[in-house]
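Heads up, the thing below is written out as structure tokens.
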Amino acid sequence: MDTPIADFVRAYAASGTVRFHMPGHKGRGPLGCEALDITEIAGADSLYEAGGIIARSEENARSLFGAGRTLYSTEGSSQCIRAMLHLILQNRRPGTAPVILAARNVHKAFVYAAALLDCRVEWLWPEEESCSLLGCPVSAAGVAAAMDAMEEPPAAVYMTSPDYLGNLADIGGIAAVVHERGSILAVDNAHGAYLHFLGSPLHPMDLGADICCDSAHKTLPVLTGGAYLHIGKRAPADFEKNARQAMALFGSTSPSYLTLASLDMCNARLAGDFRQELGETVGRLDSLKEELKALGWGVEDSDPLRMVIAAPEGCSGLALSRELREKGIECEHADGDYVVLMLSPGNSRQDMERLKEALGAAPSPPAMRPRLPLARGEQLMSLRRAVFSAQESVPAAAALGRICGAPAVSCPPAVPIAVSGELIGRETVELFCRYGVDAVDVVKEK
């Protein structure tokens with residue numbers, strides 16, 4: 001597969017052209033990558049008016065993922081999430097309400113997007129007790145019941161899958177009930193770009209989603225910030241027609257060509273031996289999970305490229321992550337309950353051996369974790385009004401009875417404990433304490 005963006009920037013770097021244009025480093029600098037860092041010069045195309053090398057590269061990505069259309073982002077899935085919501089509301093199907101029905105474990109980027117677009121959100125809460133804020137188990141039947149309880153179908157149902165703990169939603173089943181009711185299924189697939197390339201594909205585009213985002217940089221060989229907006233072949237035609245404009249509405253006019261080139265070169269990798277490398281990595285990781293279980297570790301079920309270890313009795317996930325760091329292992333995420341490690345074909349067999357050696361035998365069985373309160377705060381103010389109101393920061397314990405201003409999160413993973421405009425109750429304060437949130441931005445009282 002050709003790599004038109006990467007070929008262009010390399011040729012330009014080798015041309016010896018005198019750069020009387022941005023960036024200011026003029027192709028020289030201590031990082032060593034400056035020669036490949038360009039702007040929208042002649043022939044380089046332009047991300048939000050693409051008709052040349054960027055458009056050709058995006059078409060390569062579209063064909064690899066089997067989408068109706070694929071667009072690049074150099075500002076991560078956050079930009080794509082904003083564009084998704086804009087497209088959904090701008091091109092709302094007749095008979096649907098200007099409301100998004102969303103599983104509660106959204107990224108804070110979703111909350112900010114809803115505030116910017118003045119979008120009303122109704123929440124899908126976990127259908128079973130959870131011991132982590134990061135999960136929100138929701139079934140197709142639960143989605144159907146929630147939609148049927150609404151006066152009108154929502155403009156879209158919004159799911160996060162995989163979530164930060166690697167839980168995969170029943171996207172196929174949910175897509176079926178959403179489509180039966182005349183609505184759209186949007187998926188935050190930031191952690192699952194690789195899912196299309198498994199032996200049995202599990203990507204939302206393969207399972208019936210209408211629109212989704214992928215953070216390519218999280219699981220594919222792409223520089224940080226590289227992401228995709230995918231539009232399904234069955235999505236409303238106006239989604240594809242207006243997608244570029246939607247991305248431009250929320251994106252910088254100075255996208256990184258280093259990131260664009262890495263997305264471009266990733267296409268060649270995906271078209272090459274990536275599927276085989278991915279299969280081998282998943283197989284080795286599956287074996288490692290079984291070996292760690294035999295050593296007494298509580299390895300949770302998760303998506304194929306993630307290792308989620310429940311903290312052992314007497315040891316928090318944070319403490320375990322510190323022990324691993326001291327042994328040269330850096331984790332993706334840790335909290336009081338879990339350690340999360342993200343792998344990819346970029347991890348060698350030796351990497352996995354080092355992890356196994358660093359962990360050794362579990363010092364004790366997995367700890368019993370209390371179930372979380374749902375903390376359903378009453379929505380007293382719209383998301384938009386709360387986000388744009390005057391705010392003040394107060395100690396978490398003093399936030400009781402106040403209205404949440406900015407979404408209160410622990411980052412990573414940036415899943416809100418309280419959402420803008422909600423009344424902060426006792427259960428919410430308990431969650432602040434559990435997840436180490438010391439201060440909360442609340443709406444100023446007059």
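Just so you know, these numbers come straight off a predicted model, no measurement behind them. Reckoned from all heavy atoms, side chains included, excluding hydrogens, waters and symmetry mates.
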* Flag the pair Y48 / T253 as yes when at least one side-chain heavy-atom distance between them is below 4.5 Å, and no otherwise. => no
Just by distance, do the side chain of [X] and the backbone of [Y] share a donor-acceptor pair under 3.5 Å?
X: Q79; Y: M247; value: yes
X: D441; Y: A406; value: no
X: S77; Y: C213; value: no
X: D214; Y: A216; value: no

**Message:** Could you tell me if N242 and H86 have a donor-acceptor pair between their side chains, going purely by distance under 3.5 Å?
**Reply:** no
* Asked: So, D303 and Y194: side-chain donor and acceptor under 3.5 Å apart, yes or no?
  -> yes
Name the atoms and distances for all side-chain donor-acceptor pairs under 3.5 Å in residues 31-47, with sequence neighbours left out.
from	atom 1	to	atom 2	distance (Å)
E34	OE1	G32	N	2.8
E34	OE2	L31	N	3.1
D37	OD2	H25	NE2	2.8
D45	OD1	G51	N	3.0
D45	OD1	G52	N	3.3
D45	OD2	G51	N	3.3
D45	OD2	G52	N	2.7
D45	OD2	I53	N	3.3
D45	OD2	I54	N	3.0
D45	OD2	A55	N	3.4
S46	OG	E49	OE1	2.6

Output for pair (L220 CG, L278 CG), nearest 0.5 Å, gives 9.0 Å
Parallel under 30°, tilted from 30 to 60°, perpendicular over 60°: which one fits the rings of H196 and H203? perpendicular
### Message
Taking NZ in K241 as the centre, count heavy atoms belonging to other residues, nucleotides or ligands within less than 6.0 Å. Is the count above 12?
### Response
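Not buried by this count: 12 neighbours or fewer within 6.0 Å.
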Might you confirm whether atom CZ of R349 has over 12 heavy atoms from other residues, nucleotides or ligands at distances under 6.0 Å?
no
Only residue of E332, R306, H191 satisfying side-chain hydrogen bond (donor to acceptor under 3.5 Å, both in side chains) with Y164 is E332
